[in-house]
> 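Pasting a structure below so you can have a look.
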Amino acid sequence: MWRELAPLGRDAGSGGYRRHAWTAADAECRAWFREQVEARGLGYEVDRNGNQWAWLGDPLGPDAVVTGSHLDSVPDGGAFDGPLGVVSSFAALDELRARGARFTRPLAIANFGDEEGARFGLACVGSRLAAGQLTVDQAHRLRDAAGVTLPQAMAAAGYDPDAIGPDPERLARIGAFVELHVEQGRALDLTGDPVGIASAIWPHGRWRYDFRGEANHAGTTRLADRRDPMLTYAETVLAARREAELTGALATFGKVAVEPNGVNAIPSLVRGWLDSRAADQATLDAVVSGIERAAREHAERAGIDLDVVRESFTPVVDFQHALRDELRAILTGRARGGAADTGRAVPVLGTGAGHDAGILSASVPTAMLFVRNPTGISHSPAEHAAEDDCAAGVTALADVLEGLACR
Ligand code: HGY
Ligand code: MN
Ligand code: MN
């Protein structure tokens with residue numbers, strides 16, 4: 001499965017993935033997902049928001065156990081963020097069938113669309129729509145850098161944008177959602193464990209800063225006569241780092257767009273996107289307001305107009321303790337009777353990375369498994385996990401699914 005998926009949407013130059021929502025690369029990944037479903041004789045379904053589902057058992061039955069993740073990527077993302085969860089889900093199902101597991105609850109594997117928000121700027125569009133955390137009107141207003149709206153992109157990919165909307169009945173039928181994901185950090189590398197369990201997701205968001213100045217000639221305009229938004233943007237980027245250091249939060253300006261973006265032209269507009277995250281809401285509020293305050297002071301002094309728009313926000317997620325503890329019991333061998341009690345506690349760790357499981361946790365009992373990432377690098381072509389650790393992740397996911405769905 002991994003070898004078949006690896007070339008899809010991969011850029012030959014950077015080696016990174018460009019699997020953005022409703023593009024040709026996304027379509028290739030969706031076709032791959034459907035092939036896996038059909039190769040296993042599972043029921044295939046695409047829900048009203050374009051999320052894909054593979055079903056074993058009755059899709060309308062109660063108390064389903066669902067696993068899976070996403071296949072889309074950030075620009076030049078790595079191979080594991082998302083796909084590891086989807087591939088591991090199919091491999092875990094194969095493992096359970098090899099074990100002769102008898103399912104007493106419906107089981108599904110999901111591919112949630114547009115988790116990264118790389119094209120339209122909002123994270124977890126597929127799961128947010130299903131959970132009613134993104135209204136149809138808000139979704140219809142999303143547009144990419146070329147001005148293509150989400151409905152236009154969905155229609156061009158053959159999906160009905162008028163069908164999108166909340167899916168409470170579907171979510172009400174789910175008893176547990178467990179997402180396996182490559183760790184985006186080095187906590188497991190430090191504990192020496194191949195697999196860990198998630199405790200929480202930090203609150204995090206994305207803010208767009210629009211710095212407007214005055215376009216002019218780079219070669220004839222005196223410095224004193226300029227209103228250059230690039231300077232204010234640069235000062236804001238440095239202020240963001242200072243505020244993050246002062247508050248123990250994270251703040252990143254990783255995306256910038258300049259108009260007219262000419263080497264010999266003083267910009268009229270510099271658009272910068274802030275990604276900020278912190279262990280708790282109060283700290284996040286403090287760092288985000290601190291950055292905006294500094295930006296406004298710099299803009300005021302330089303005669304630059306500034307607009308700040310929050311484009312994406314996810315509150316803190318505290319994964320359901322009962323399900324988290326059930327996974328822990330299963331993985332330390334206590335809950336499955338005969339299995340030797342390994343006694344070794346499985347690490348439970350928080351993360352600053354957002355996930356569909358975080359969005360769905362407001363509607364469904366959710367949990368996450370992390371697979372060790374020896375360098376911690378993610379959102380980069382250098383993202384990697386060792387094959388043995390990925391295999392340990394598949395076994396852990398199979399154990400968890402068996403413990404939950406084969407009672
Ligand atoms: O941004 C995130 O944390 C996730 O990768 N969407
Ligand atoms: Mn990601
Ligand atoms: Mn991810």
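All residue numbers in this chain count up from 1 along the given sequence. One-based numbering, in listed order, for ligands and for the atoms of each. Below, each value reflects all heavy atoms present in this structure, side chains not excepted, and no hydrogens, waters or symmetry copies. Only a predicted model underlies this, so the values are computations on that prediction, with no experimental measurement involved.
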> Answer yes or no: is there an ion pair linking D307 with R271, defined by an N-O contact shorter than 4.0 Å?
no
> Name the closest protein heavy atom to atom 1 (O) of ligand 1, giving the residue it belongs to and the distance to 0.1 Å.
R277 NH2, 2.8 Å
> For the CD atom on E300, are there more than 12 heavy atoms of other groups (residues, nucleotides or ligands in this structure) within a distance under 6.0 Å?
no
> Tell me if the CZ atom of R97 is crowded by more than 12 foreign heavy atoms within 6.0 Å.
yes
> Are W2 and F80 close enough that their ring centres sit under 6.0 Å apart?
yes
> How close do L188 and F370 get, heavy atom to heavy atom, and via which atoms?
CD1-O, 3.5 Å
> Kindly confirm whether the Mn ion (ligand 3) is within less than 2.8 Å of some N/O/S atom in H355?
no
> Is any side-chain N of the basic residue among R170 and E45 closer than 4.0 Å to the acidic one's carboxylate O?
yes
> Looking at ligand 1, does H355 have a heavy atom less than 4.0 Å from it?
no
> Tell me whether the Mn ion (ligand 3) has D81 as a neighbour, meaning an N, O or S atom of it below 2.8 Å.
yes
> Specify which N/O/S atom of H70 comes nearest to the Mn ion (ligand 3), by atom name.
NE2
> With the Mn ion (ligand 2) as the reference point, give the N/O/S atom of E116 that is nearest.
OE2
> Which of the atoms of ligand 1 are close to E116, meaning less than 4.0 Å from one of its heavy atoms?
4 (C), 5 (O), 6 (N)
> What pair of heavy atoms forms the shortest contact from T366 to L323, and how long is it?
C-CD2, 3.6 Å
> Is R173 salt-bridged to D63, going by a charged N under 4.0 Å from an acidic O?
no
> State whether the shortest distance between N or O atoms of H379 and N or O atoms of ligand 1 falls below 3.5 angstrom.
yes
> Who's the nearest protein heavy-atom neighbour of atom 4 (C) of ligand 1, and how far?
G354 O, 3.4 Å
> Which atoms of ligand 1 sit under 4.0 Å from any heavy atom of A353?
3 (O)
> Taking both backbone and side-chain atoms of E115, is any N or O found less than 3.5 Å from an N or O belonging to ligand 1?
yes
